Amino acid sequence: MLKVIFPILSFLLLETSKTESENGVIINSVKLKYNPADAGGIKQGSNITLTCSVDILTPSGQSPQISYLFYKGQAQDALLKTVTIQAQESQYLIQSARPSHSGYYSCEVEAGSQRKESVFSFITVTGNLQTPVLTIRPTEVILGDLTELCCTSEEIPPLTFIFYTHKNGLNPVRLHETSSKNKTATHQLRVTTDTEQNYSCTIEVPAARSVSKHSEVVQLSVQNPFSDPMFEIEPSNEIFEGDKLTIKCRVMQLLPHVKPQLIIMKDTTPISTGNTSSVVFSKTANATDTGKYGCMARWNSVSQAIRRQVTVAVPVSIPTLMSTPIGGNVVEDGSLDLSCAVLGGSYPITYKFYQDTSEIPLHQITLNATTAVHHIVSIKNGHSGKYSCEVSNSADQITRTKKSQYVTIIVRVPVSKPLIYPLLNSTKVKLGETVTLHCVTSTGTLPITYTLYRNQSSLQSATTMQAIPADFNIAVDSVEHSGVYSCKAENQISSEHSNGLSFRILRGGFLWWIYIIIVLISLMIIGLAILIAQHCKQWCKNNEGINQEDESSKPSQRGPLQHNQGSLKKSMEVIYSKIGNITHPKLNQPDSDMLIEQQEADSDRNHEGDYTNIMPCQGNVTEDDSESDCEADYTNVTSKRKAASADSDTSSDETNHVLYTQLDLAALQNNGTPQPQGPTIYASIALDKLR
């Protein structure tokens, strides 16, 4: 195999040598040198000479043309010089070097068909970069136009250009950055309302790591092609369903050649457009028209819009008032709930509760709800009446109000315990009389039904529509009508029973009891009179014994009272006791619990007064004494009428049935002191005179 390869290689070498011989040029090496040498950096303003030399072989007697190319940058970013000469070196002069001259440099040599580069050399120039210049073309623009920022520098490319904005005197804000192989860089802006600012630029040399100062600040003026859009909603942002909704969108044209397009939109959907200065949209509003509406003005790429929320409020429906318990009948001290409800209406809704015609609400509340409740914990009789509720909601400072129907609330009051009583407030009646009984209760909702009972058996019923007693007439025809009477008061809520009432019947068949009572009372009065007379007589005797010696010689100043008593012959002392007409009170009969009516005295006793004389026996009475002196120790008590004449002390005796009573006169002493047994005296009473 070597035998085959070797002849081929030999042939190729021979052909190559033949070609080079034909060209006559062989470049062995290329070198780049600069002067002065970079020892810590070349000072700004110095001249720098770059020398590119080549080691070349040429045919004898020939001088080939050699091309020299000088580059800056590692990627041969900038071609600094191109020259073709026959000399084997060439130079590039940098006069008054600046920091932008810093960087990588190289050269390239071309001769015949040969081309070869040198290695890179890095040159550092110390100093400051030149301040760039910024221009804006044009400086007065219209919204939507394009404008160009141009930054120019005399520094040697490649350069990095940085554009800045200056807002409200604050520190510059980097806007854009670009690299260029030229001395100029540009940046385009789409003009908006935010474009009207101040601008500047700087340059940076990447190789030198140095940045220039900011250029002078240039102001960009932006002119609107039209005014800000104006958005009008009538009647306002909040309207009621059924109102006419009108939306207007308009602008003012600032430039005659600018005719913006106007768009009215709901949310993101256009609902009206036009190329005039004003667009109007109108319709009858309903709840679905609630949304965010906008007015947009657009020209070329410029657009301005304004948006506003529109709420279409739904007026409240007519409310319905309901009560719990249902029906409006509430028992006193119970609870009552009044519910006011609407079928629809935009929130918030204000609820007001009223009683009767009062303009002051009982309760008021604003809710995001379709129902409100007014709760009365303990209802009283004063809560009875007509109730209503009122609802309202608002839009655009306009209030829509609706009122409910009336609901009648009746507070049912239970009846209290009734009272039963007779008409004349007396429980004493006679047989044959008619008694009127009243039954009444102090509280209770009308109508009230009263029922009369006797011994738990119902007798009569009466219903009253007014707060008055019920009257019951009872005819007392027999003793059976006596008993315990009561009544019951009853309304739709409750019923109550009264206490029992009993009355007594006076029966006329027992009048003989009246005579017995009269006799007993008369005896009691006579006995009391005798006791008083005896007591006075004893007292007189005691005083007479004490003063007998002193008064024995004196004549009597007071003679005894003389009275002719028929068979009595002596003159004796007479004591009179007045017995007047007796009126007996009504007494109870234990056996029948009835009253006995008093009988009136006899009409014959119309005289001025009845007197009884009591004649006790005189001191020394013996058995031999005649009957005229004292008859068997009896004292005659007669009923006498007082004489018509004041001068006469006599009166006729009208003795009839005589009843005797025994009196022990000796027992009556001064101060009630017990005495020895004395004579017994009997008194006679003419009973017929007491009738």
Side-chain angles (χ1 to χ4, degrees), residues 235-236 238-244 284-290 311-416 443-449 463-467 490-495:
S236 72
E238 294 184 356
I239 62 175
F240 278 113
E241 188 177 49
D243 292 345
K244 185 176 182 180
T284 300
N286 55 57
T288 60
D289 292 326
T290 297
T311 301
V312 179
V314 178
V316 290
S317 61
I318 297 176
T320 300
L321 184 64
M322 296 177 291
S323 64
T324 305
I326 300 174
N329 292 324
V330 187
V331 179
E332 190 177 37
D333 294 328
S335 63
L336 173 66
D337 286 340
L338 296 174
S339 299
C340 187
V342 295
L343 295 177
S346 298
Y347 298 148
I349 300 175
T350 299
Y351 297 85
K352 297 179 181 180
F353 295 84
Y354 294 90
Q355 181 179 5
D356 297 328
T357 59
S358 175
E359 297 181 356
I360 301 175
L362 296 174
H363 179 62
Q364 176 176 337
I365 189 172
T366 300
L367 300 172
N368 290 335
T370 57
T371 302
V373 178
H374 175 44
H375 182 65
I376 302 176
V377 177
S378 179
I379 196 164
K380 302 299 181 183
N381 192 32
H383 289 108
S384 295
K386 291 184 176 181
Y387 288 81
S388 63
C389 70
E390 185 179 270
V391 295
S392 63
N393 59 356
S394 300
D396 190 28
Q397 300 179 350
I398 298 175
T399 300
R400 298 285 177 91
T401 302
K402 299 290 178 63
K403 193 170 184 179
S404 73
Q405 84 287 4
Y406 282 99
V407 171
T408 301
I409 300 298
I410 300 175
V411 180
R412 304 292 186 182
V413 181
V415 292
S416 60
T443 59
T445 300
L446 300 172
I448 299 176
T449 299
T463 300
T464 61
M465 301 300 297
Q466 298 178 350
E490 182 178 16
N491 63 3
Q492 297 177 354
I493 310 302
S494 64
S495 63

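Worth knowing before you read on, the calculation uses all heavy atoms, side chains too, and leaves out hydrogens, waters and symmetry mates. If you're wondering where the values come from, they're calculated on a predicted model, not measured in any experiment.
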Got a second to check how far Cys389's SG is from Tyr406's OH, nearest 0.5 Å? 11.0 Å
Can you tell me if Asp337 uses its side chain to pair, donor with acceptor, with the backbone of His375 under 3.5 Å? no
What's the verdict on side chain to side chain contact (heavy atoms under 4.5 Å, CB included) for Ser323 and Ile409, showing C-alpha distance, side-chain angles and the deciding distance? CA-CA 8 Å; Ser323 64; Ile409 300 298; 3.8 Å; yes
Taking 4.0 angstrom as the limit, do Arg412 and Asp333 come out as a salt bridge? no
What's the shortest heavy-atom distance between Ala395 and Phe240, and which atoms? N-CZ, 3.7 Å
Please name the pair of heavy atoms, one in Pro319 and one in Gln405, separated by the smallest distance, quoted to 0.1 Å. O-OE1, 3.8 Å
Any heavy-atom pair between the side chains of Tyr351 and Val342 that's under 4.5 Å? yes
Could you measure the distance from the OG1 atom of Thr324 to the CG atom of Leu338? Nearest 0.5 Å is fine. 8.5 Å
Are any non-hydrogen side-chain atoms of Lys386 and Val407 less than 4.5 angstrom apart? no
To the nearest 0.5 Å, what is the distance between CE on Met465 and OG1 on Thr463? 8.5 Å
Could you tell me the separation between the OG atom of Ser388 and the CG atom of Leu321, rounded to the nearest 0.5 Å? 7.0 Å
Taking Thr284's backbone N and O only, do any of them form a donor-acceptor pair with Lys244's side chain (distance below 3.5 Å, no angle check)? no
Without hydrogens or angle criteria, can the side chains of Thr366 and Thr350 be said to hold a donor-acceptor pair below 3.5 Å? yes
Are side-chain heavy atoms of Ser378 and Lys380 found at a separation under 4.5 Å? yes
How long is the span from the CG atom in Leu446 to the CD atom in Gln492, to the nearest 0.5 Å? 10.5 Å
Judged by atom type as modelled, is there a donor-acceptor pair below 3.5 Å linking the side chain of Ser317 to the main-chain atoms of Leu343? yes
Check: Ser494 main-chain N/O paired with Asn491 side-chain donor or acceptor under 3.5 Å: yes
Show, in sequence, the C-alpha distance, side-chain angles and deciding distance for Thr399 and Ser392, and conclude whether the side-chain hydrogen bond (donor to acceptor under 3.5 Å, both in side chains) test is met. CA-CA 6 Å; Thr399 300; Ser392 63; 5.9 Å; no
Donor-acceptor pair, side chain of Asn393 and main chain of Ser346, under 3.5 angstrom: yes
Ser358 side-chain N/O to Gln355 backbone N/O, donor-acceptor pair under 3.5 Å: no
Min side-chain heavy-atom separation Glu332-Asn381 under 4.5 Å: yes
Of the non-hydrogen atoms in Ser335 and Val330, which two are nearest, and what is the gap between them? O-CG1, 3.9 Å
Work out which heavy atom in His374 is nearest to a heavy atom in Leu362; give both atom names and the distance. NE2-CB, 4.1 Å
Return the minimal non-hydrogen interatomic distance between Val314 and Glu241, and the atom names on each side. CG1-OE1, 3.8 Å
Measuring from atom CD1 of Ile349 to atom OG1 of Thr370, what distance do you get when rounded to the nearest 0.5 angstrom? 7.0 Å
Flag side-chain contact, heavy atom, 4.5 Å: His383 against Leu336: no
Under the 3.5 angstrom rule, does the side chain of Ser416 hit a backbone N or O of Thr443 as a donor-acceptor pair? yes
Do side-chain atoms of Thr445 reach the backbone of Val413 as a donor and acceptor pair under 3.5 angstrom? yes
On a heavy-atom basis, which atom in Val373 and which in Ser339 lie closest, and how many Å separate them? CG2-OG, 3.7 Å
Tell me, do Phe353 and Pro361 make a side-chain contact under 4.5 Å, heavy atoms counted? no
